[in-house]
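Reading through the structure tokens given below for one structure.
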Amino acid sequence: MIQVLPADARIRSSRDFGSALKRGRRAARGGVVVHWAPAVKRSVDIPAPNGPATPSEAVNTTARAGFVVSKAVGNAVVRNKVKRRLRHAAAAELPDWPAGTDVVVRATPRAAERDFAELHRDLAEAVRAAREGKGGKAGRAREARSAP
């Protein structure tokens, strides 16, 4: 059965991508880098005057995923194939993610060489590592540098 990532589960705006990249925890595995951004806790005391100005400002009722596949991955055919595989893998993982979570999946050039099973495993492992705060050597080095 083909899994489809629903439209409301996709990150589409540049502002939402930027927010997830800035506030998210990062983990890399195989052909992907995942930025895991848990739901933002908003103050109940300060409601928006006329509701959210854009859909991206609304409180998400589902987890969302966004994908970044640069030209470094390959030509348009290769990039689209990688993106389709990642969307399918994310659709399978999405029910396990908490509501309101934004996940940006960035494909590396190695993603073009990996088959679907390997990409799915890379995505699942990277998400697990990002959720647990175990991003790898780069993540630990960055945390150590920023500590006083």
Side-chain angles (χ1 to χ4, degrees), residues 1-70 72-73 79-112 114-147:
M1 183 173 141
I2 294 178
Q3 297 250 342
V4 177
L5 192 62
D8 65 337
R10 295 182 191 169
I11 300 175
R12 295 177 182 230
S13 78
S14 175
R15 178 200 237 160
D16 291 347
F17 271 97
S19 173
L21 291 173
K22 284 180 187 172
R23 66 184 172 86
R25 288 184 298 227
R26 183 178 70 184
R29 298 291 186 273
V32 299
V33 177
V34 168
H35 296 264
W36 176 270
V40 177
K41 296 195 179 1
R42 298 181 188 242
S43 174
V44 181
D45 300 335
I46 309 171
N50 297 327
T54 65
S56 64
E57 293 176 4
V59 176
N60 300 328
T61 58
T62 182
R64 299 185 306 166
F67 304 92
V68 178
V69 184
S70 75
V73 174
R79 291 193 310 269
N80 285 323
K81 182 169 89 171
V82 167
K83 197 181 311 182
R84 281 192 309 272
R85 288 178 174 177
L86 288 173
R87 268 199 313 260
H88 183 78
E93 298 290 321
L94 190 71
D96 298 332
W97 299 346
T101 301
D102 285 344
V103 179
V104 174
V105 181
R106 193 165 39 94
T108 65
R110 286 185 59 196
R114 303 179 75 76
D115 65 11
F116 174 72
E118 292 171 322
L119 274 178
H120 191 170
R121 186 173 49 252
D122 292 346
L123 176 66
E125 289 175 3
V127 164
R128 191 175 314 110
R131 284 179 85 166
E132 295 171 358
K134 299 176 183 175
K137 291 180 185 175
R140 284 192 290 273
R142 178 173 289 165
E143 290 169 7
R145 279 193 303 253
S146 64

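Because the structure is predicted, anything quoted here is derived from the model rather than measured. The analysis underlying the following values was restricted to heavy atoms, covering all of them including side chains, and did not include hydrogens, waters or symmetry mates.
- In this structure Pro95 satisfies the side chain to side chain contact (heavy atoms under 4.5 Å, CB included) test with no other residue, sequence neighbours excluded.
- Between Asp16 and Arg64 there is a salt bridge, since a side-chain N of the basic residue sits under 4.0 Å from a carboxylate O of the acidic one.
- A donor-acceptor contact shorter than 3.5 Å is absent between the side chain of Asp122 and the backbone of Val32.
- Of the inter-residue distances, the one linking Arg128 atom CZ with Glu93 atom CD reads 8.0 Å to the nearest 0.5 angstrom.
- In this structure, the separation between CZ on Arg106 and CZ on Arg26 is 7.0 Å, given to the nearest 0.5 Å.
- Pro38 and Arg25 make their closest contact through CG-NH2, 4.4 Å (heavy atoms, listed as atom of the first residue, atom of the second, distance).
- The backbone N or O of Leu119 sits nowhere less than 3.5 Å from a side-chain atom of Arg114 that would complete a donor-acceptor pair.
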**Request:** Please lay out, stage by stage, how Asp102 and Arg23 fare under the test side-chain contact (heavy atoms from CB on, under 4.5 Å).
**Result:** CA-CA 10 Å; Asp102 285 344; Arg23 66 184 172 86; 3.6 Å; yes

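- No donor-acceptor distance shorter than 3.5 angstrom exists from the side chain of Thr101 to the backbone of Ala37, with no hydrogens or angles considered.
- Here the shortest heavy-atom pairing between Ala107 and Val82 reads CB-CG1, 3.9 Å.
- When atom types are taken as modelled, the side chain of Arg29 and the backbone of Ala129 share no donor-acceptor pair closer than 3.5 angstrom.
- Looking at every heavy atom in both residues, Ala39 comes nearest to Ala99 through CB-O, 3.8 Å.
- Minimum heavy-atom separation, Trp36 to Ala130: CB-CB, 3.5 Å.
- Checked against side chain to side chain contact (heavy atoms under 4.5 Å, CB included), Phe67 has the following partners two or more places apart in sequence or in another chain: Leu5, Ala65, Lys83, Leu86, Arg87, Ala90, Val105.
- The CD1 atom of Ile11 sits 11.0 Å away from the NE2 atom of His35 when rounded to the nearest 0.5 Å.
- Across all non-hydrogen atoms, the minimal contact from Asp8 to Thr62 is O-CG2, 3.4 Å.
- In this structure, the salt bridge (charged side-chain N to carboxylate O under 4.0 Å, His left out) partners of Glu132, at least two apart in sequence or on a different chain, are Lys134.
- Looking at every heavy atom in both residues, Ala63 comes nearest to Leu94 through O-CD1, 3.5 Å.
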